[in-house]
Amino acid sequence: MNRRIRRQLDSDQWPAFDVAALPDAQRKAFLARRQAVELYAAGATVASIEETAGVVRCELYRLLDRCVTAHEDGRLYGWRALVPYVHVAEYQRVHSLVVRPNGAGAAGAFGALVERFPAITEWIEKQVHAKKVTIDRVTTGGALRMRLRGLKALHADFLKLCRALGLTAGDYPFNTERLAIRSLAAAVRGACVSGFARSAHLAGAQHLKGTPKDPWVPAATQALEVVEFDGHRLDVRLKVVVRDPLGFEQEFEIERIWLLVIIDVFSRAVLGYHVSLNREYNRYDVIRTIEAALEPHRPRAFTLPGVGYGPL
């Protein structure tokens, strides 16, 4: 198995990962793990890796398996699998449910329940499709969160369904303090955001133009076969100086910019990008991004000293 994994450790084909985005505590652990994987791919012995990177043998093999695990985007997890506390597979409960008085001990119980009764999953899909719940986006403490409206009534119907399936007071979810309402909410949220059109309608959208009927997108097998559009919000404080027609300088501050990119899924190459100084980007910004992807590349003239294109 280890020889097979060593042949698959082509890190040049792995998705790029920004280490600087991690907190200090996670960054230190990530760098040690990455060093261990790089040494293993270079042919170093496990004993030398344990001494140099501080990663023990069993942990190293676990990390190697995680790196070559397929991601839902069609690529390997790669470096993303080395981030502490990142899950590469859904949790599956294997032990019997023993709920403690404080409510602990029920991890994975809802997943085991829907695996035992697939009708629950079908019922959740029907309730979401029938718009028995709606999505409200609220800001709490500066963070944008998704709140479900109509969850209380949906939870009552869920308990009726569980009774109809033959579950008694000694079975999950009836033997928990909150009757699995949080787990139900998480499952409903996942069903709500499973497709763009569905999540947009539940959020209140009335008209959607250009929404694909089939949300499934095949993985790319060659360059320029599938491209993706991404909008990245950057919360920064910048001072913009504009010279008016009379020659006077006008200054104003902005606290947000948008970096819009079109990326080739197969090669992960950026085909075109556009920077929007607006608080929210609009369709004209998207059009500018598409134009940048279609136009021939023109080298830029850099004004900052020491900044330029690297060697080809």
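Bear in mind that the values here come from a model prediction, so they are computed numbers and not experimental data.
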> Shortest non-hydrogen contact from V242 to F252?
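Heavy atoms of V242 and F252 come nearest at CG2-CE2, 3.7 Å.
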> Listed by chain and number, what are the salt bridge (Lys or Arg N to Asp or Glu O under 4.0 Å) partners of R283, not counting sequence neighbours?
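With neighbours one apart ignored, the set is empty.
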> For R66 versus V83, what's the shortest heavy-atom pair and its separation?
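Scanning both residues, the minimum pair turns out to be NH2-O, 4.3 Å.
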> Sorted by first residue and then second, give each side-chain hydrogen bond (donor to acceptor under 3.5 Å, both in side chains) pair with at least one member in residues 296-308; sequence neighbours left out.
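Those involving residues 296-308 are Y273-R300.
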> Which residues pass the side-chain hydrogen bond (donor to acceptor under 3.5 Å, both in side chains) test with R268, not counting sequence neighbours?
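Partners of R268 by the side-chain hydrogen bond (donor to acceptor under 3.5 Å, both in side chains) criterion, ordered by chain and then number, come out as E228.
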> Taking side chain as C-beta onward, heavy atoms only, is T289 less than 4.5 Å from V261?
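Contact flag for T289/V261 side chains = no.
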> Is it true that a side-chain atom of E50 and a backbone atom of R57 form a donor plus acceptor pair closer than 3.5 Å?
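Yes: the side chain of E50 pairs with the backbone of R57.
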> Please test Y40 against L64 for side chain to side chain contact (heavy atoms under 4.5 Å, CB included), starting from the C-alpha separation and ending with a verdict.
CA-CA 9 Å; Y40 185 86; L64 294 174; 3.5 Å; yes
> For the atom pair CG (L165) and CD1 (I120), what is the distance rounded to the nearest 0.5 Å?
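Here the rounded value is 5.5 Å.
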> Can you measure from CG (L294) to CD1 (I262) and round to the nearest 0.5 angstrom?
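One gets 7.0 Å once the value is rounded to the nearest 0.5 Å.
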> Give a yes or no answer on whether the side chain of S183 reaches the backbone of A180 with a donor-acceptor pair at less than 3.5 Å.
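Side chain of S183 to backbone of A180, a donor-acceptor pair under 3.5 Å: no, none is there.
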> If you count the non-hydrogen atoms of other residues, nucleotides and ligands that lie under 6.0 Å from CZ in R256, is the total more than 12?
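Yes, CZ of R256 has more than 12 neighbouring heavy atoms, counting only those of other groups under 6.0 Å.
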> Assess whether atom CD of E295 is packed by more than 12 heavy atoms of other residues, nucleotides or ligands within 6.0 Å.
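More than 12 within 6.0 Å, yes.
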> I need the E38 CD to T52 OG1 distance, nearest 0.5 Å.
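E38 atom CD to T52 atom OG1 measures 12.5 Å (nearest 0.5 Å).
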> Report yes or no: do W258 and L271 belong to one cluster of Ile/Leu/Val/Met/Phe/Trp/Tyr joined by side chain heavy-atom distances under 4.5 Å?
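Cluster IDs for W258 and L271 match.
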> Going through the checks in order, is the side chain to side chain contact (heavy atoms under 4.5 Å, CB included) test met by D235 and R233?
CA-CA 6 Å; D235 294 324; R233 187 184 70 181; 3.5 Å; yes
> For the pair R288 (side chain) and H274 (backbone), establish whether a donor and an acceptor sit closer than 3.5 Å, ignoring hydrogens and angles.
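No: the side chain of R288 does not pair with the backbone of H274.
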> Whether the side chain of R80 engages the backbone of L76 through a donor-acceptor N/O pair (distance < 3.5 Å, no angle test) should be reported.
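A pair under 3.5 Å: yes.
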> Q35 side chain to A32 main-chain N or O, any donor-acceptor pair under 3.5 Å?
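Judged by distance alone, no pair lies under 3.5 Å.
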> Using modelled atom types and a 3.5 Å cut-off, is there a donor and acceptor pairing between side-chain atoms of T176 and backbone atoms of Y172?
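Looks like no, no N/O pair under 3.5 Å.
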> So, for Q26 and Y85, which heavy atoms are closest and what is the spacing to 0.1 Å?
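Answer, listing the atom of Q26 first, then Y85: NE2-CD1, 3.7 Å.
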> Side-chain donor-acceptor contacts of residues 148-162 below 3.5 Å, not counting sequence neighbours, with atom names and distances?
residue: R149; atom: NE; partner: D136; partner atom: OD2; Å: 2.9
residue: R149; atom: NH2; partner: D136; partner atom: OD2; Å: 2.5
residue: H155; atom: NE2; partner: L179; partner atom: O; Å: 2.7

> Rounded to the nearest 0.5 Å, what separates atom CG in L260 from atom CG in D230?
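Taking CG in L260 and CG in D230, the distance rounds to 9.5 Å.
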> For R27, what residues pass the salt bridge (Lys or Arg N to Asp or Glu O under 4.0 Å) criterion, not counting sequence neighbours?
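Testing R27 for salt bridge (Lys or Arg N to Asp or Glu O under 4.0 Å), a comparison that skips the adjacent residues, returns D24.
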> Kindly determine whether F174 and T168 satisfy side chain to side chain contact (heavy atoms under 4.5 Å, CB included), including the steps that lead there.
CA-CA 7 Å; F174 298 106; T168 62; over 6 Å; no
> Is I263 reachable from W79 through a run of hydrophobic residues whose side-chain heavy atoms are each under 4.5 Å from the next?
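They do not share one cluster, since no chain of ILVMFWY contacts under 4.5 Å joins W79 to I263.
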> Looking at D171 and G166, what are the two nearest heavy atoms and their distance?
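Heavy-atom minimum between the residues: OD2-O, 4.3 Å.
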> Is there a side-chain contact between L184 and I124 (heavy atoms, below 4.5 Å)?
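Yes, side chains in contact.
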> Is it true that E249 and R243 make a salt bridge, defined as a side-chain N closer than 4.0 Å to a carboxylate O?
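Yes, this pair counts.
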> I need the minimum non-hydrogen distance between L167 and P173, along with the two atoms involved.
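Nearest heavy atoms, L167 then P173: CD1-CD, 4.2 Å.
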> Residues in salt bridge (Lys or Arg N to Asp or Glu O under 4.0 Å) with E59, at least two apart?
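Once residues adjacent in sequence are excluded, the partners of E59 under the salt bridge (Lys or Arg N to Asp or Glu O under 4.0 Å) criterion are R33, R62.
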> Test side chain to side chain contact (heavy atoms under 4.5 Å, CB included) on I257 and V236; report intermediate values, then the result.
CA-CA 7 Å; I257 62 175; V236 295; 4.2 Å; yes
> Is it possible for you to say whether L60 and L31 belong to one hydrophobic cluster, with membership spreading through side-chain heavy-atom contacts below 4.5 Å?
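L60 and L31: one cluster.
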> Return the CD to CZ distance between E255 and R237, rounded to the nearest 0.5 Å.
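Answer rounded to 0.5 Å: 5.5 Å.
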> For N175 and G170, work out which heavy atoms get closest and say how close.
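Of all heavy-atom pairs spanning N175 and G170, the closest is ND2-O, 3.4 Å.
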> To the nearest 0.5 Å, tell me how far L82 CG sits from C67 SG.
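L82 CG to C67 SG: 4.0 Å, rounded to 0.5 Å.
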> Measuring only between side-chain heavy atoms, which start at C-beta, is V128 closer than 4.5 Å to E125?
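Sidechains of E125 and V128: no contact.
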> Just wondering, more than 12 heavy atoms not from F302 lying within 6.0 Å of its CZ?
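Result for CZ/F302: enclosed.
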> V270 and V265: same hydrophobic cluster, using ILVMFWY side-chain contacts below 4.5 Å?
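Shared cluster, no.
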> Test of understanding: clusters of I, L, V, M, F, W, Y form through side-chain heavy atoms closer than 4.5 Å, transitively. Do I254 and Y281 belong to the same one?
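No.
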> Flag yes if more than 12 heavy atoms outside Y284 fall under 6.0 Å of its OH atom; otherwise flag no.
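Atom OH in Y284 is not packed in, count stays at 12 or less.
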